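Keep in mind the model is a prediction, meaning the values are calculated, not measured. No hydrogens, no waters, no symmetry mates; every other heavy atom, side chains included, goes into these values.
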Amino acid sequence: MESSFRVFNKPKVELHIHLDASIRPETILYYARKKQMDSHIFENLETLLKNVTCTKPGSLTEFLSKFHYYMPAVVGDRQAVKRIAYEFVESKAKEGVVYVEVRYNPHLFANCKVDPIQWGQKEGDLTPDEVVELVNQGLKEGERDFNIKVKSILCCLRHMPEWSPEIVELCKKYHNDTVVAIDLAGDEGLKNETFPGHLRAYEEAARCGIHRTVHAGEAGPPSVVKEAVELLKAERIGHGYHTVQDPVLYDRLLKMDMHFEMCPWSSYITGACDPDFTKHPLIQLKKDGANYSLSNDGPLPMGASLETDYNIAKTHMGFNEEDFMQANINAARSCFLPYKEKKELLDLLYKAYGMTDL
């Protein structure tokens, strides 16, 4: 697959990106006008982007606040949900990505059988279950049209533990169609009051063979990573930057070959790491031969693309072509595809990279 980018002009694998943070601004404007929303931020593309894009280091809370501006334009609309998924696949294909796992919480797009209904919507008839169906349709049509493989991950939200039982049931219902895993996202500081509901969902996921990843150690301390591994049986860690602050835990995860989903530009925007990229934990992971990959997290509120993250790694972290190849091989071998499809993906990368099977 051709890529127009210069930093790493070979096939890429991306494991950590949110669908609701990847909506095209033009699509948001289209549905805002369709719904006759009168907010000034929908006047034109420039105004929308000015309001929904983070441009300097802030906090995870500030980053998440951007969703409140634009999500009301697209939620509760069947056509919009399917279109967002389809356009996501097209965008990834243009970036030279050959396999991607995209994550989202279906309740955030629904306006029926969800309590509370999100984004100030009136009650409608779009359920979380149908949201998953619509996203699946969009992803599959995108796969067909753009020659790329796509799977999805359903997110539990730390502040909404009452949704988690349904999330794991949806993971079971749509297992490998396209759903391959469960995730836990949100404010890590809320873990103590919400943990039991999520724990039960993750225990059921493990029992049913549903893969598991967890946002941990992004804004929170290494103890959140430890809980994710020990209690939620996480197979991958979303972000995990602060793991390196606990040498015993970090060494243990290195020996476990735990995969870290790294998002450099995101960590800058959310204030998760030192704004000086030459001090980023990813450099330590690379030095130690850790199992990590590069992802974008969310292009719309980040005001960036996957190319941004690759460029940061090259410019500030000393990444060369071999390092990028290794990161993508790490991603492929740690992805949640069934064994046969995972082997096919690895073979594709080895061939494209001019490497023999490792």
Is the terminal nitrogen or CZ of [X] (NZ for Lys, CZ for Arg) located under 6.0 angstrom from the six-membered ring centre of [Y] and within 45° of that ring's axis?
| X | Y | result |
| --- | --- | --- |
| K286 | Y292 | no |
| K94 | F146 | no |
| R83 | F88 | no |

Are the aromatic ring centres of [X] and [Y] under 6.0 angstrom apart?
| X | Y | answer |
| --- | --- | --- |
| Y350 | Y353 | no |
| Y241 | H280 | yes |
| F42 | Y30 | no |
| F324 | F8 | yes |

In this structure, CG of N105 is separated from NE2 of H18 (nearest 0.5 Å) by 11.0 Å
Any side-chain to backbone donor/acceptor pair from [X] onto [Y]? Under 3.5 Å, distance only.
| X | Y | value |
| --- | --- | --- |
| T47 | E43 | no |
| K342 | C335 | yes |
| D288 | A290 | no |

Could [X] and [Y] be called an ion pair, given the rule that one side-chain N must be under 4.0 Å from one carboxylate O?
| X | Y | result |
| --- | --- | --- |
| E14 | K92 | yes |
| E204 | K172 | yes |
| E344 | K149 | no |
| E188 | R158 | no |
| E133 | R78 | no |

Which of parallel (below 30°), tilted (30 to 60°) and perpendicular (above 60°) describes W163 and H107?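 Rings of W163 and H107: parallel, as their planes differ by under 30°.
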Check the orientation of F67 and Y70. Use parallel for under 30°, tilted for 30 to 60°, and perpendicular for over 60°.
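Rings of F67 and Y70: tilted, 30 to 60°.
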Candidate pair Q118 and V75, rule side chain to side chain contact (heavy atoms under 4.5 Å, CB included), full reasoning = CA-CA 9 Å; Q118 300 294 294; V75 293; over 6 Å; no
> Should I153 and L19 be counted in the same cluster of Ile, Leu, Val, Met, Phe, Trp and Tyr side chains packed under 4.5 Å apart?
Replying inline: no
The salt bridge (charged side-chain N to carboxylate O under 4.0 Å, His left out) partner of R103 among D20, D297, D183 is D183
